[in-house]
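Working notes, beginning with the structure itself.
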Amino acid sequence: MIDYQGILNNIYQEVSKETDKGEIATYIPELANVDKNAFGIHLHLISGENFSVGDSEKKFSIQSISKVLTLALAISKVGSDIWSRLDVEPSGNPFNHLSLLELEKGIPRNPLINSGAIVIADVLVSLFENPKEDFLAYVRDITGDSSINYNYKVANSEKKTGFNNYAAANLLKSFDNLNNNVEDVLDFYFHQCSLEMTCAQLTKAFYVFANKGKCLLEKTRLTKSQAKRINAIMLTCGFYDEAGEFAFEVGLPGKSGVGGGIVALLPNEFVISVWAPGLNERGNSKLGMQALEIFTSETNQSIF
Ligand code: GLN
């Protein structure tokens, strides 16, 4: 039996020594108020056991991690038809890159970069009368936790400074790949990104992907094939222009957010979340990546 708690404690010791903790995202002003020294990990084994260290029960802004959850909801409702509007190739570019979108005539490279997530947001705005309420209900349902909520301050803060996302949405609209108003789609998108969770809650939300589409309460929310495909997209696209590096160092499907969270999973085995708000130059949690590299090296558990 692997000594998971011992390994998490070692990781905590290791990363605490690190003097360069990366930089907090400030382009969304409300995110700048976070403590740079925060650090937490939660590990949820599919067999039911849980382990944690540090600030694993503190809420943080999950930001782009939400893109996997909106994708899951859209796929569960629309099925593979959504792939007529976006691709599944890694972009090799930053999450907010625009020139590729223009070059490829408004078809985003994948659903985990901003333009792709905005297309998925458009799908959900078309599907639901109250998309914000219905998406929140979905997240609470798969997680089995009704205390999860949006942070309206963060959503409004991003709305005020989200010029790049307005540019992406307008570009999509100009290529006829946005069916609703730019304003309505981005209002939904900024709210989904503002979702707050603890590391422990995040592992529960992603349990469905590690458990062949069945969520924590054993309800089937995705087919096995849909869960498999979403994991493939996380592996190839979950870290933007650092997806190769994450596969190389860590070797798990996962997703990062500019709030400093990373969630990663080994199908049929575990889900692990890390939160360390300082980011590297590519917008991924610096210590979070380091922590997960130590975790998969010490446990010898990865998909490879
Ligand atoms: N809400 C952020 C944005 O659209 C999400 C980016 C991220 O977490 N990488 O810029």
Side-chain angles (χ1 to χ4, degrees), residues 22-34 59-71 86 90-98 100-101 108-122 124-125 132 135 139 150-172 178 182-183 185-197 199 202 205-206 233-234 236-243 245-246 254-264 273-286 288-289:
E23 295 303 321
I24 292 199
T26 50
Y27 77 98
I28 302 173
E30 198 58 35
L31 291 185
N33 304 327
V34 174
K59 285 185 185 292
F60 61 91
S61 193
I62 72 164
Q63 289 296 320
S64 280
I65 297 172
S66 66
K67 293 169 180 170
V68 182
L69 302 173
T70 52
L71 175 65
L86 71 170
S91 71
N93 277 302
F95 60 85
N96 54 7
H97 189 78
L98 291 179
L100 206 58
L101 183 62
R109 272 287 170 106
N110 67 67
L112 302 184
I113 51 173
N114 287 8
S115 56
I118 292 170
V119 168
I120 297 296
D122 184 52
L124 296 181
V125 169
K132 285 187 278 192
F135 174 59
V139 174
Y150 298 121
N151 180 326
Y152 295 97
K153 266 190 177 172
V154 170
N156 288 331
S157 174
E158 185 167 7
K159 192 178 278 191
K160 281 191 197 129
T161 55
F163 306 112
N164 182 283
N165 285 319
Y166 276 96
N170 277 296
L171 209 48
L172 289 165
L178 208 73
V182 164
E183 224 21 91
V185 175
L186 287 183
D187 179 63
F188 176 78
Y189 173 78
F190 293 141
H191 280 83
Q192 73 167 76
C193 288
S194 83
L195 266 183
E196 284 188 329
M197 288 193 209
C199 287
L202 199 50
F206 274 62
I233 295 170
M234 280 196 257
T236 52
C237 313
F239 298 81
Y240 322 112
D241 43 344
E242 209 166 30
E245 180 78 11
F246 191 79
K255 184 73 200 87
S256 62
V258 289
I262 300 181
V263 57
S273 300
V274 188
W275 175 49
L279 308 178
N280 64 20
E281 4 7 279
R282 295 204 162 134
N284 297 314
S285 171
K286 184 171 185 290
M289 298 238 333

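Each ligand, and each atom within it, is numbered from 1 in the order the structure gives. No experiment lies behind these values; they were computed from the predicted model shown.
- Protein heavy atom nearest atom 3 (C) of ligand 1, with residue, atom name and distance: E158 OE2, 3.0 Å.
- Less than 4.0 angstrom separates some heavy atom of C193 from each of these atoms of ligand 1: 1 (N).
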Exercise. Would N114 and N165 satisfy side chain to side chain donor-acceptor pair (under 3.5 Å), going step by step from the backbone distance to the final call?
Worked result: CA-CA 7 Å; N114 287 8; N165 285 319; 3.0 Å; yes
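- On a distance-only criterion, V258 and ligand 1 share at least one N/O pair closer than 3.5 Å.
- Applying the 4.0 Å criterion to heavy atoms of Q63 picks out, from ligand 1, the atoms 1 (N), 2 (C), 5 (C), 8 (O).
- Annotation: Y152 is in aromatic contact with H191 [ring centroid separation under 6.0 Å].
- Here is the list of ligand 1 atoms found below 4.0 Å of a heavy atom in G257: 8 (O).
- Screening E242, M289, E245 against R282 for a side chain to side chain contact (heavy atoms under 4.5 Å, CB included) leaves a single residue, E242.
- Of all atoms in ligand 1, listed by their number and element, those nearer than 4.0 Å to a heavy atom of Y240 are 7 (C), 9 (N).
- Y27 OH, 2.5 Å is the protein heavy atom nearest to atom 10 (O) of ligand 1.
- Side-chain N/O atoms of Y240 and S64 include a donor and acceptor closer than 3.5 Å.
- Atom-to-atom distance recorded for S115:OG and L100:CG is 8.0 Å, nearest 0.5 angstrom.
- Considering backbone and side-chain N/O of K67, none are found under 3.5 Å from N/O of ligand 1.
- Shortest contact from atom 6 (C) of ligand 1 to any protein heavy atom: S64 OG, 3.0 Å.
- Here the shortest heavy-atom pairing between K59 and W275 reads O-CH2, 4.5 Å.
- Under the 4.0 angstrom criterion for non-hydrogen atoms, N165 is in contact with ligand 1.
- At a cut-off of 3.5 Å, with distance as the only test, a side-chain donor of Q192 or S66 sits close to an acceptor on the other residue.
- Listed here is the closest heavy atom pair of F60 and G261: CE1-CA, 3.6 Å.
- No heavy atom of F190 sits closer than 4.0 Å to any atom of ligand 1.
- Distance from atom 4 (O) of ligand 1 to its nearest protein heavy atom, with residue and atom name: Y189 OH, 2.7 Å.
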